[in-house]
There are 4 protein chains.
Amino acid sequence: MLDATAALIEEVPYARLTVEAIAARAGVGKQTIYRWWPSRGAVVFDALLERSGGGDAALPDTGDLRADLSSFLRASAREMTAPSTDAFLRAVTVEILQDEAVALQYRQRLLTPQRAAVRQRLATAYDAGLLRDDVDLDVLVECLVGPVAGRWLLGSGALDDAYADAVVDVALRGAIR
Amino acid sequence: MLDATAALIEEVPYARLTVEAIAARAGVGKQTIYRWWPSRGAVVFDALLERSGGGDAALPDTGDLRADLSSFLRASAREMTAPSTDAFLRAVTVEILQDEAVALQYRQRLLTPQRAAVRQRLATAYDAGLLRDDVDLDVLVECLVGPVAGRWLLGSGALDDAYADAVVDVALRGAIR
Amino acid sequence: MLDATAALIEEVPYARLTVEAIAARAGVGKQTIYRWWPSRGAVVFDALLERSGGGDAALPDTGDLRADLSSFLRASAREMTAPSTDAFLRAVTVEILQDEAVALQYRQRLLTPQRAAVRQRLATAYDAGLLRDDVDLDVLVECLVGPVAGRWLLGSGALDDAYADAVVDVALRGAIR
Amino acid sequence: MLDATAALIEEVPYARLTVEAIAARAGVGKQTIYRWWPSRGAVVFDALLERSGGGDAALPDTGDLRADLSSFLRASAREMTAPSTDAFLRAVTVEILQDEAVALQYRQRLLTPQRAAVRQRLATAYDAGLLRDDVDLDVLVECLVGPVAGRWLLGSGALDDAYADAVVDVALRGAIR
DNA sequence: ACTTAAACGAGACGGTACGTCCTGTCTTAAT
DNA sequence: ATTAAGACAGGACGTACCGTCTCGTTTAAGT
């Protein structure tokens with residue numbers, strides 16, 4: 001069922017993604033879907049979860065903070081622009097905007113772990129005395145991730161390596177001792 | 001009709017906002033709506049346009065860049081958390097995610113002017129030699145606005161004055177000479 | 001729509017006759033059916049009405065009461081055994097048994113006129129002094145029609161001319177002066 | 001299970017009487033019902049059988065044929081108008097109309113014995129030379145029972161003692177020597 | 001002032017999907 | 001080994017809206 005959902009998300013515009021189509025594609029009765037999920041949004045979210053693998057690997061630590069952040073942000077930007085990820089992300093974002101339950105799940109199951117990974121790398125640098133004492137690591141994480149997410153959402157510019165690096169530059173220069 | 005749309009956006013969850021309801025509320029035939037707009041999204045977008053007044057006043061320039069940016073970002077954050085603006089923004093964001101035509105309109109008619117206003121204030125500072133030579137003003141704008149938008153979208157933390165100031169701190173420290 | 005209903009009644013067992021199938025066969029949206037009729041039963045009843053033409057011609061009066069009643073009852077029996085009428089009658093009877101509104105309609109629009117026609121012929125005979133003074137014409141009508149309807153409903157014997165005549169014999173002999 | 005069925009038949013309109021409800025009421029799995037009966041109709045029919053007790057007592061013979069028939073028909077009419085019998089009869093009639101297997105069972109197990117009882121009383125009278133030589137006892141039975149059944153089915157008039165007697169009058173006068 | 005045509009409100013229409021209910025079959029856990 | 005419980009694929013229910021399509025009815029402009 002989640003596989004069918006994933007396939008359809010990439011095939012049809014999200015507004016046309018019906019529970020009936022998911023059931024048909026999965027060779028399943030509609031009721032079976034409603035038995036396990038309360039809404040289309042919940043199914044879509046679980047499909048995303050499965051896809052993301054839940055693998056919330058920590059950022060690598062090469063010793064070079066700027067390089068580590070840059071490669072993470074570059075990878076994120078590249079991922080977001082892949083058509084399949086893009087479609088998934090749009091779908092889930094639409095649900096987040098309209099269903100607080102999905103939003104909560106998203107924060108707990110995906111957002112928080114991902115941000116914790118970034119924060120962990122920053123904390124290492126902080127502990128090594130590389131960052132200013134007064135820096136708020138959570139804010140710093142959002143200053144890295146927020147601009148990239150903004151470009152994806154609004155299409156306000158190219159989501160390329162140069163942009164990722166530019167964001168790292170500004171954020172890091174603002175945080176380094 | 002746009003008034004009816006605005007009223008309904010604040011009253012019912014966006015998924016339940018139907019063209020039929022807008023027509024009924026406006027005391028208008030459905031056909032009249034379809035005569036002037038191609039889709040519900042377009043109506044909603046125009047309702048937002050009317051609401052925003054189109055007035056894209058430039059940022060004030062008190063001479064204190066940090067204070068100017070701070071008051072702008074604080075105002076933005078406060079605005080976004082107002083229930084009525086929040087509902088409107090959610091509605092339009094949902095449309096942006098699903099309809100490239102609306103996304104394009106949004107960028108041209110709202111996003112670009114708003115960002116130009118911020119950029120203008122930064123350009124003044126740049127010309128005054130306050131900022132580093134190598135700073136990209138567009139990126140800087142997004143480093144200010146992106147994190148705030150991110151918090152709104154994901155509900156990942158309080159959207160208060162302190163957060164606005166923290167973002168200004170990081171972004172500005174990264175850009176100042 | 002009524003034509004589609006009539007066609008389907010003859011084609012599929014009544015338990016399988018769905019509103020959806022009627023709509024599809026008629027090339028019509030389901031809502032259109034529900035706009036004009038409150039239930040499947042009502043549609044079926046109207047289809048029967050249209051079929052019966054509403055034309056409730058009086059019984060012929062050849063002067064020979066027995067012959068007139070015999071030919072009427074023979075025709076009724078023959079009609080009831082025609083597969084298409086049988087299917088229709090079963091359908092409507094099922095509805096009558098389960099929906100008092102349909103039952104009421106049936107009595108007013110079909111049953112009463114039909115019985116009035118028979119009663120009229122009997123009244124003529126009564127006025128001519130052929131029948132006993134104390135006979136109740138309504139009961140007499142039912143004594144003619146009831147047994148035939150019973151055989152149809154229960155399949156408890158052949159519905160042929162001989163049976164029709166036998167019923168006429170008993171009922172008439174019981175009523176003649 | 002038959003008790004549960006009987007209870008539900010009296011409680012809910014027959015169209016709403018589901019196998020699931022019977023199983024739940026009986027505290028039994030659905031499968032157990034399907035193991036012993038092929039359809040809802042068969043269950044309902046067996047529930048009726050159990051209720052009727054199978055007791056197919058012969059009609060009493062007081063020596064007065066008219067009185068015996070009258071009391072039988074009065075009792076039948078009174079029984080049919082009892083809400084609980086009415087509901088049962090409607091249910092079974094619906095099944096008879098739609099399922100030839102149920103119809104067959106009904107004829108063999110209930111209809112035939114009941115009519116045989118009436119016929120037996122008539123045969124006694126016939127043998128005593130009270131009835132005309134040419135009378136067909138089966139037809140006579142139906143001329144007694146048919147009109148009453150017709151009134152019940154169609155609600156075309158009061159099912160009271162007076163009606164029962166009127167029917168006996170017509171039928172008997174038509175049969176007496 | 002009188003015509004004429006565009007825009008309108010109303011709402012019926014053919015459709016699609018909704019979320020629910022029930023069917024008859026199949027599986028599981030407990031007795 | 002049989003059962004109650006209930007999941008399952010399937011299909012119909014009756015409802016809500018979609019976007020299109022007539023219908024008269026205003027409403028203005030052009031005559």
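Protein chains get the first letters and strands the later ones, always in sequence-line order, with residue 1 at the start of each. Fair warning: this is a prediction, and the values are worked out from it, not measured in the lab. Atom set for the values below is all heavy atoms of this structure, side chains included, hydrogens, waters and symmetry mates excluded.
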Nucleotide F:dG14, atom C1' - distance to CH2 of C:Trp36 in whole Å: 18 Å
Test log, rule side-chain contact (heavy atoms from CB on, under 4.5 Å), inputs C:Thr5 and C:Trp37: CA-CA 13 Å; C:Thr5 306; C:Trp37 291 277; over 6 Å; no
d(CZ, C:Arg35; C1', F:dC21) in whole Å: 13 Å
Show every donor-acceptor pair shorter than 3.5 Å between a side-chain atom in residues 99-106 of chain C and any protein atom, with sequence neighbours excluded, or say none if there are none.
{"from": "C:Asp99", "atom 1": "OD1", "to": "C:Ala101", "atom 2": "N", "distance (Å)": "2.9"}
{"from": "C:Glu100", "atom 1": "OE2", "to": "C:Arg107", "atom 2": "NH2", "distance (Å)": "2.8"}
{"from": "C:Gln105", "atom 1": "OE1", "to": "C:Arg109", "atom 2": "NH1", "distance (Å)": "3.0"}

Sugar-phosphate, base or nothing in reach of D:Trp37, heavy atoms under 4.0 Å: nothing
Any side-chain heavy-atom pair of B:Val94 and B:Val44 under 4.5 Å: no
Any side-chain heavy-atom pair of C:Arg90 and D:Gln98 under 4.5 Å: no
d(CD1, A:Ile33; C1', E:dG19) in whole Å: 12 Å
Earlier contact from the 5' end, DNA chain E, for C:Val28 and B:Val28: B:Val28
What nitrogen or oxygen pairs link the protein and nucleotides 21-28 of chain E at under 3.5 Å?
{"from": "E:dC21", "atom 1": "N4", "to": "A:Gln31", "atom 2": "NE2", "distance (Å)": "2.9"}
{"from": "E:dT23", "atom 1": "OP1", "to": "D:Val19", "atom 2": "N", "distance (Å)": "3.0"}
{"from": "E:dT23", "atom 1": "OP2", "to": "D:Glu20", "atom 2": "N", "distance (Å)": "3.3"}
{"from": "E:dG24", "atom 1": "OP2", "to": "D:Tyr34", "atom 2": "OH", "distance (Å)": "2.5"}
{"from": "E:dG24", "atom 1": "N7", "to": "D:Lys30", "atom 2": "NZ", "distance (Å)": "3.1"}
{"from": "E:dG24", "atom 1": "O6", "to": "D:Lys30", "atom 2": "NZ", "distance (Å)": "2.7"}
{"from": "E:dC26", "atom 1": "N4", "to": "D:Gln31", "atom 2": "NE2", "distance (Å)": "2.3"}

Exam field: side chain A:Arg40 to backbone A:Val19, donor-acceptor pair closer than 3.5 Å: no
N or O in side chain of D:Thr32 less than 4.0 angstrom from F:dA4 OP1/OP2: yes
Residues B:Leu2, B:Arg51; criterion side-chain contact (heavy atoms from CB on, under 4.5 Å); working and verdict: CA-CA 9 Å; B:Leu2 296 178; B:Arg51 189 176 193 272; over 6 Å; no
